[in-house]
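A note on names: the letters A, B, ... follow the listed sequences, proteins ahead of strands, and every chain is numbered from 1.
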Number of protein chains: 4
Amino acid sequence: MADGESKDSETGRGPAARYRTGRVEAFSDGVLAIVITVLVLELEVPHSEDRPVWPVLLENWPSYLAYVVSFATIGAVWVTHTVITEYLDRVNSLFLRLNLLLLMVVSFLPYPTRLLAEYVGEPGERIVAVIYGGNLLLTSVLLSVLWRYAVHAGLVHPDFADTDVRTLTTHLTPGVASYLVMIGLGLFLPVFAVLGYLLIAIYIMVPVAAIWHRRRGLSAR
Amino acid sequence: MADGESKDSETGRGPAARYRTGRVEAFSDGVLAIVITVLVLELEVPHSEDRPVWPVLLENWPSYLAYVVSFATIGAVWVTHTVITEYLDRVNSLFLRLNLLLLMVVSFLPYPTRLLAEYVGEPGERIVAVIYGGNLLLTSVLLSVLWRYAVHAGLVHPDFADTDVRTLTTHLTPGVASYLVMIGLGLFLPVFAVLGYLLIAIYIMVPVAAIWHRRRGLSAR
Amino acid sequence: MADGESKDSETGRGPAARYRTGRVEAFSDGVLAIVITVLVLELEVPHSEDRPVWPVLLENWPSYLAYVVSFATIGAVWVTHTVITEYLDRVNSLFLRLNLLLLMVVSFLPYPTRLLAEYVGEPGERIVAVIYGGNLLLTSVLLSVLWRYAVHAGLVHPDFADTDVRTLTTHLTPGVASYLVMIGLGLFLPVFAVLGYLLIAIYIMVPVAAIWHRRRGLSAR
Amino acid sequence: MADGESKDSETGRGPAARYRTGRVEAFSDGVLAIVITVLVLELEVPHSEDRPVWPVLLENWPSYLAYVVSFATIGAVWVTHTVITEYLDRVNSLFLRLNLLLLMVVSFLPYPTRLLAEYVGEPGERIVAVIYGGNLLLTSVLLSVLWRYAVHAGLVHPDFADTDVRTLTTHLTPGVASYLVMIGLGLFLPVFAVLGYLLIAIYIMVPVAAIWHRRRGLSAR
């Protein structure tokens, strides 16, 4: 019976198989949930003994913008990661390490977020916008690599249509290209680049979430 | 078999369906658990080399009050969120994004909490009390929108009686109204408004938890 | 089928019932895991430009002691909480709120921990040791209340022997008494009281973990 | 039926048994996910009003190195811990406490990480590199002790071949030895020792992840 369960666990049809990719999902969910939540700890409370509080808070706008952009980006990573693991039949040793590398890069994001909040409107803002964009680009590249590796290594559940797999692959690519464009823009207009990063996050989230929805809609027929 | 499972997963009767809403639940639980726990990191340890520690700690009361109010509010959000997802048969793409928006607004709460702790008793306290209340109001509105959207989009499990669904809808509305009243009060008596926010959190938690209890009691018959 | 499942879910025998107490367990696990982990963020890195680093680090011993005591105490709370929920058949509305109250008190612990690290060896150390002990006492009382309420409200799984239930009740009581004694001691010898809190945490953890083990050993026969 | 389930839950073959080790896994996953994510909060944002931002950021390299080394080490601990619990049939009371001790030691790691970031290039760097290495060594020793205890106490699932068990035991030992060598190196060349810790983390992660993969590959046949 235990043997039968092990087999079942490997064909990916029983609940046990899910449990196994489940450990990776649970750890990734945990890390992403934490990193998205600790962003708020980076926001500094202004001290304005002798000035009204309202303008002091408004001057803090780069912090709020950086918070929203990073939150949206990590949210987009989470949605994409959820879709990727949903397609998986199982994980292997290299997938595990690629996933840890992705998590390391995403976990680093609060640091450039703080840099951005600190330097927007000051001399170093262009360099900081590029560093921030570089972190986002690396995240995007690693997500794409993770997915392509999973497809290449045959980790995707055989029941999924090739078109679905291609659709996800296609949707992950423009993200990488858009980040490159925005990093270039960041050298001249850093604040617009940051707004661009927000648009990319929303842009990624919409179709990927739609893939999730559509795939589930199809299988519900 | 895998196909049968997929079907089953969509009708929401098998364990697989739960697993699917499970990813959203797990991520939301994670974010809410983190945001409720990091509140304590915002509390500042007073340094009083030359004064007794007791009065210094007592002077810190706005921090403790803000901690309790924010904890109770996030607790109420968690209970409500748990009840909402308990009613769900499945989630869709827009629900996912609304949920991320809700989590972003709730995750922001530690920041106005710190503002409150910092400014109570100082000139900016009215503005800060309104900002804090605005964050709570937005949370309340988004919870209500999330639930109404879920009902509207047919995501609610068909086995639940319409009366139950209406009961929850009815209970989510007064929260929104109460926050509006309290924000108005905050312009004149900020500390009383904060105490009002505490009462609202307790008030929301009681009936919503009761719905949970009652519904489970009924289905046990 | 869905109806049958609901029924099953209420009798607490199917996997669904576990899932339901599972939401409370997952949230509590999350909060306890976070609060036990953020303790380290409170430790201050000493800056000693002109002195060797070794004595500076050694002077920091109250921080390390406070870290270990708080970690052990939260660990003991987690083990006890795990045993309590393991006995539960289901949860109800009041249990949920008592549990949130317990989590609020435990989540507050990093604050008196920091106070302790700051004030040991300084004039305010007695008051701070009493505040710290008061937080531990309240945790202990709430854990005991949570368990007694669960027994009283019939939330405990009927399959568990009354002796097991009584054993757990008996083990939760000395913790409360010991904290009272140590708080008294803290008024005179604060550092010894803190060491006493460590002993209590270990003392609670041992028999409670043993109950867990024994109960599982028995049912395995 | 409930009785049958309990029995099943103890033989470790049904989903319930997994659920039981599941509480320990979930708590450990949570703590490891948090500690790996809060590392970024320790990174300090440099303030350079009168200097370009680029060199200021580059001067910060010990922080980034410490971040990467600690991330890789905690990642290696997570992979190893996942493999260990995957082999387990059940947990007992002492395993639980050893696991909490391991988590306490791992959770402490952000503190020496910060020390390292602070003192590299300054007089205290050798002592700090040794403290950091000592934390890693203790982690490694406790992981090894946890696994050996689990084997000794018969907690390992009987279906696993003795060769698999021995393979894991063999792979855990060189970690301990390597840390001892690197701590010695740290007394003379602290930065090289830190790079050595990075290599050890990668070195541990590769074969342990491979065990996971191979074991699952075998059982899939």
Worksheet item: What part of C:E125 lies closer than 4.5 angstrom to a heavy atom of chain B: side chain, backbone, both or neither?
Response: neither
Practice prompt. Under 4.5 Å heavy-atom distance to chain B, tell me which part of C:L103 shows up: side chain, backbone, both or neither.
Written response: both
Practice prompt. Go through the side-chain N and O atoms of B:T37 and C:S107 and say whether any donor and acceptor fall under 3.5 Å apart.
Written response: no
Worksheet item: Using a cut-off of under 4.5 Å for heavy-atom pairs, which of B:D29, B:L43, B:L41 has the most such pairs with chain C?
Response: B:L43
Practice prompt. Check each atom of B:L32 against the heavy atoms of chain C and say whether the ones under 4.5 Å are side chain, backbone, both or neither.
Written response: both
Practice prompt. Kindly compute the distance separating CG (C:L138) from CG (C:L101), expressed to the nearest 0.5 Å.
Written response: 7.5 Å
Fill in: Mutual orientation of the aromatic rings belonging to C:Y197 and C:Y179 [parallel < 30°, tilted 30-60°, perpendicular > 60°]
tilted
Item to complete: With the side chain counted from C-beta on, respond yes when B:L100 and B:F95 share a heavy-atom pair under 4.5 Å apart, and no when they do not.
Response: no
